[in-house]
Amino acid sequence: MEYIADRITIDPDLCNGKPTIRGIRITVQTVLGYLSAGDSKEDMLEAYPSLEPEDIDACLKFAAKLMENHYDIRQTA
């Protein structure tokens with residue numbers, strides 16, 4: 001299991017290798033999805049008692065770091 005920012009884990013045997021929070025089967029995608037739908041951090045913490053406020057911050061930081069990558073758009077045949 002690889003740790004990123006001490007909170008995000010990537011394990012090929014957990015959630016199909018998607019980044020999760022501390023290996024507890026809550027994916028970064030789930031957290032970001034709730035936030036993008038308008039849910040507050042407090043809503044997330046209530047819905048997922050095993051989450052900590054720092055976990056949500058780590059998800060946002062993780063997503064921001066991904067956007068630092070360079071992406072090429074290629075036309076497919």
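- Note that the CG atom of Leu51 and the CD1 atom of Ile26 stand 4.0 Å from one another [nearest 0.5 Å].
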Evaluation steps, side chain to side chain contact (heavy atoms under 4.5 Å, CB included), between Asp55 and Tyr48: CA-CA 11 Å; Asp55 296 328; Tyr48 294 94; over 6 Å; no
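- A donor-acceptor contact closer than 3.5 angstrom is absent between the side chains of Thr27 and Thr20.
- Val31 has its side chain within reach of Met44: a pair of non-hydrogen atoms, C-beta onward, lies under 4.5 Å apart.
- With values rounded to the nearest 0.5 angstrom, Leu32 atom CG is found 5.5 Å from Cys59 atom SG.
- In this structure, the side chains of Arg74 and Thr76 stay at 4.5 Å or more apart for every pair of heavy atoms.
- The shortest side-chain heavy-atom distance between Thr9 and Pro19 does not fall under the 4.5 Å cut-off.
- Contact of the Arg7 side chain with the Lys61 side chain is not registered, since no non-hydrogen atoms from C-beta on lie closer than 4.5 Å.
- For the salt bridge (Lys or Arg N to Asp or Glu O under 4.0 Å) condition, the pairs that include at least one residue of residues 36-50, sequence neighbours left out, are Lys41-Asp57.
- Here the closest heavy-atom approach between residue Ile24 and residue Ser50 is recorded as CD1-OG, 3.5 Å.
- At least one side-chain heavy atom of Ile56 sits under 4.5 Å from a side-chain heavy atom of Leu45.
- The local environment of CD in Glu52 is crowded, with over 12 non-hydrogen atoms from other residues, nucleotides or ligands closer than 6.0 Å.
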Audit row: Leu35, Leu60, side chain to side chain contact (heavy atoms under 4.5 Å, CB included) steps and yes/no: CA-CA 10 Å; Leu35 293 174; Leu60 292 170; 3.9 Å; yes
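- Side chains of Val28 and Ile8 form a contact here, defined as non-hydrogen atoms less than 4.5 Å apart.
- Checking side-chain atoms of Asp11 against main-chain N and O of Asp13 turns up a donor-acceptor pair under 3.5 Å.
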